[in-house]
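Residues take their numbers from the sequence shown, with the count starting at 1. Quick note: numbers below take in every heavy atom, side chains included, and nothing from hydrogens, waters or symmetry partners.
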Amino acid sequence: MKKALTTVMLSFLLRQLFILIVVQLTFRRNILTDAAGGKWDLLLSNIGISAMHMQLLNNDKVVIFDRTDFGPSNISLPNSKCRNDANDLKLKVDCTAHSVEYDVTANSVRPLMVFTNTLCSSGAAMPDGTLMQTGGFNDGDHNVRTYKPCTDNSCDWQETNNVLTQRRWYATNHILSDGRQIIIGGRRQFNYEFYPKTSSVNKSFNLPFLVETNDRNIENNLYPFVFLNVDGNLFIFANNRAILFDYTKGVVVKTYPTMPGGDPRNYPSSGSAVLLPLKNLQGGAIGAEVLVCGGAPKGAYVSAVNRSFVTALSTCGRIQITDPNPQWTTETMPLARVMSDMILLPNGKILIVNGASTGTAGWGLGRNPALSPVIYNPESPSGSRFEVQNPSSRPRMYHSTAILLRDGRVLVGGSNPHIYDKFTGVLFPTDLTLEAFSPAYLDPNLARLRPKITSPASQSNIGYGQQLAIRFSIPPAGTLSKNLVTVTMVAPSFTTHSFSMNQRLLVLSGGNITALELSNYQILVATPTSRNLAPPGYYLLFVVHQDIPSEGIWVQIK
């Protein structure tokens, strides 16, 4: 009897122990699952405007702007300022702001004065850090606006009328190796021009490729995807095709194959694209790859106008643009997506966020929000590159944006699929919030592995083809894996309408690590050798350890 009782008690205790282990493992698995899926935080519930355009500046402020022709916004201009614009289609005297400056550190916004209409415009940061922004709609379509970052809240938009030779509405900007911007295309504009202007280039130049890729009455070649190739030529993708273009001579150097399937990928079909991280920068032949994901199939725009919403594309095309005989390879995303943003993360992975799974871009033409971001790892084997992340609770539809911040988070805002602001009684209300998505590498459980850059200081200048010594530390509780440390440089993007202009990530060559005292280390890397690799300007520099990036520092290469 006593022996039987003992056996029962042991059996009971073993069962309880088993249950406890299962509960603990399940709990731990849930924690790891949550960490792997990233984290969403609401930063501000009302910034006064919907974030149609965003650019991070080298003072950790983000310039955000909407448009001016829809009536008053939800934030007033300071000091009783008003905008008096006889050409405004809605409100001739407007005392509200249509642009704000977001202070990342303070988590606050400051209203800015933008005058003419910036609807569906473009831009990029110049080598000195000034945001140079071009075009728009109506009275703003020939204008150039500049915003020079400051530290005392005195800076505001400066605007010059009728600088552009052509109307620039839905155009794309890119910084060139000489520091100028090229402005390509726009609605019914099959040409390009440069800024700043000089007497020899104060004109526009025809680009027949934009005529060839124009779908009648739909277009599908607006906001073309433009990347500076490592040879100094421009890779230009429009609709379903791409060319390599020598802008100095105005000639097509190479014509790439049509994207498999032939479906359009540019506005209003609105897929997205990135230049994948540039690596092995000290080698002889440096390769460059482009990834184009999502969009809407042929006929989707007409169907959406007729209130029939077609499923978006779930395919991506990837191509080595520097190959002698380049060919597209296709991959399938876990989720169909249109109107998404693709953001290069400091560790070289790509975040695909925002958008919808049916319909197209345009006023009210999207349905079924794509709430779950996806991370794409270009280094993983084909077939295992995508990882679905934790969903946001907020639809980010037409006119939503996302950009990388210096601390590694991704700032997400916008969504207004209506001609005027509508906050009630509609399927997708105008959204004035700002959120941050924190990828898994920011999980507190990984803090022991996170590097911290101690030298050089932020705002340092670097040159081309130099040896750069970077000192960093690892928390005492962590262990450094020397063979898993890289240094990356990221050019911050101007993001609007599903394309991050001027976005670029370089993995610096070298990587010799020296141990110093008390969990401190030095890594020696080589800076890019050419302005074709890294156009002059400000970059965020990160030390990445086991895929976990440090907080970035600002460096200016010139």
Side-chain angles (χ1 to χ4, degrees), residues 56 58 60 125 227-228 230 274-283 286-289 291 342-351 375-380 403-410 438-442 446 449-460 462-474 480-493 500 502-513 521-530 532-557:
L56 175 67
N58 65 290
D60 291 324
F227 302 106
L228 181 67
V230 296
V274 290
L275 177 69
L276 293 179
L278 298 174
K279 302 175 296 182
N280 304 317
L281 304 184
Q282 305 299 313
I286 300 170
E289 286 186 273
L291 179 71
M342 295 174 70
I343 304 300
L344 289 166
L345 299 176
N347 59 7
K349 297 179 181 180
I350 294 95
L351 178 71
I375 284 183
Y376 177 87
N377 184 356
E379 300 300 316
S380 293
I403 58 168
L404 177 69
L405 299 177
R406 186 165 65 91
D407 57 17
R409 294 178 299 163
V410 174
S438 298
Y441 55 61
L442 290 174
L446 302 176
L449 300 173
R450 184 167 298 119
K452 179 181 180 181
I453 298 174
T454 56
S455 174
S458 196
Q459 305 295 335
S460 292
I462 62 175
Y464 290 95
Q466 295 181 344
Q467 291 293 305
L468 179 63
I470 302 167
R471 293 194 173 190
F472 65 97
S473 62
I474 293 288
L480 182 74
S481 298
K482 289 187 177 182
N483 61 333
L484 296 176
V485 177
T486 56
V487 177
T488 60
M489 279 174 52
V490 184
S493 63
S500 295
N502 209 49
Q503 186 175 216
R504 196 175 194 84
L505 186 148
L506 303 98
V507 181
L508 300 191
S509 301
N512 295 323
I513 296 178
Y521 303 87
Q522 178 173 285
I523 183 169
L524 196 64
V525 294
T527 62
T529 56
S530 164
N532 293 334
L533 298 176
Y538 281 91
Y539 291 75
L540 287 169
L541 186 142
F542 299 89
V543 172
V544 182
H545 176 226
Q546 297 188 41
D547 267 351
I548 302 165
S550 67
E551 185 173 273
I553 63 169
W554 288 104
V555 295
Q556 185 183 23
I557 189 166

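Nearest heavy-atom pair across V490 and P346 is CG2-CA, 4.5 Å. Across every non-hydrogen atom of G408 and P439, the tightest pair is O-CD, 3.7 Å. When all heavy atoms of Q282 and T527 are compared, the pair lying nearest together is NE2-O, 3.5 Å. Shown here for L275 and A288, the closest heavy-atom pair between the two residues is CD1-CB, 4.2 Å. Listed here is the closest heavy atom pair of L446 and A440: CD1-O, 3.4 Å. Minimum heavy-atom separation, I474 to L449: CD1-O, 3.7 Å.
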side-chain contact (heavy atoms from CB on, under 4.5 Å) between T529 and L281, worked out: CA-CA 8 Å; T529 56; L281 304 184; over 6 Å; no
side-chain contact (heavy atoms from CB on, under 4.5 Å) assessment of E379 paired with D547: CA-CA 12 Å; E379 300 300 316; D547 267 351; over 6 Å; no
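Of the inter-residue distances, the one linking I513 atom CD1 with F472 atom CZ reads 5.0 Å to the nearest 0.5 angstrom. Here the straight-line distance linking atom CZ of R471 with atom CG of L524 works out to 11.0 Å at 0.5 Å rounding. Rounded to the nearest 0.5 Å, atoms CG (N532) and CG (L278) are 11.0 Å apart. In this structure, CG on L404 lies 9.5 Å from CG on L351, to the nearest 0.5 angstrom. Note that the CD atom of Q546 and the OG1 atom of T486 stand 11.0 Å from one another [nearest 0.5 Å]. Taking CG of L540 as the start and CG of D407 as the end, the distance is 10.0 Å to the nearest 0.5 Å.
The shortest distance between side-chain heavy atoms of F542 and L345 does not fall below 4.5 Å. In this structure, I453 and P451 have side chains that are not in contact, with every pair of non-hydrogen atoms separated by 4.5 Å or more. Between K452 and S550 there is no side-chain heavy-atom pair separated by less than 4.5 Å. L533 places none of its side-chain heavy atoms less than 4.5 Å from the side chain of Y464. Counting only heavy atoms from C-beta outward, the side chains of I350 and L344 approach each other to under 4.5 Å. Side-chain contact between I557 and P535 is absent, with no heavy atoms from C-beta onward closer than 4.5 Å. Contact annotation: the side chain of V485 approaches that of V543 to within less than 4.5 Å [non-hydrogen atoms, C-beta and beyond]. For the pair I553 and S460, the minimum side-chain heavy-atom distance is 4.5 Å or more.
R406 and E551 are joined by a salt bridge, as a carboxylate oxygen and a charged side-chain nitrogen come within less than 4.0 angstrom of each other.
In terms of modelled atom types and a separation under 3.5 Å, the side chain of S493 and the main chain of N502 share no donor-acceptor contact. In this structure a side-chain-to-backbone donor-acceptor pair under 3.5 Å is present from Q459 to N58. Between the side chain of Y441 and the backbone N or O of N347 there is no donor-acceptor pair closer than 3.5 Å. In this structure, R504 contributes its side chain and F227 its backbone to no donor-acceptor pair below 3.5 Å. In this structure, H545 contributes its side chain and L484 its backbone to no donor-acceptor pair below 3.5 Å. Within the 3.5 Å criterion, the main-chain N or O of V274 finds no donor-acceptor partner in the side chain of Q503.
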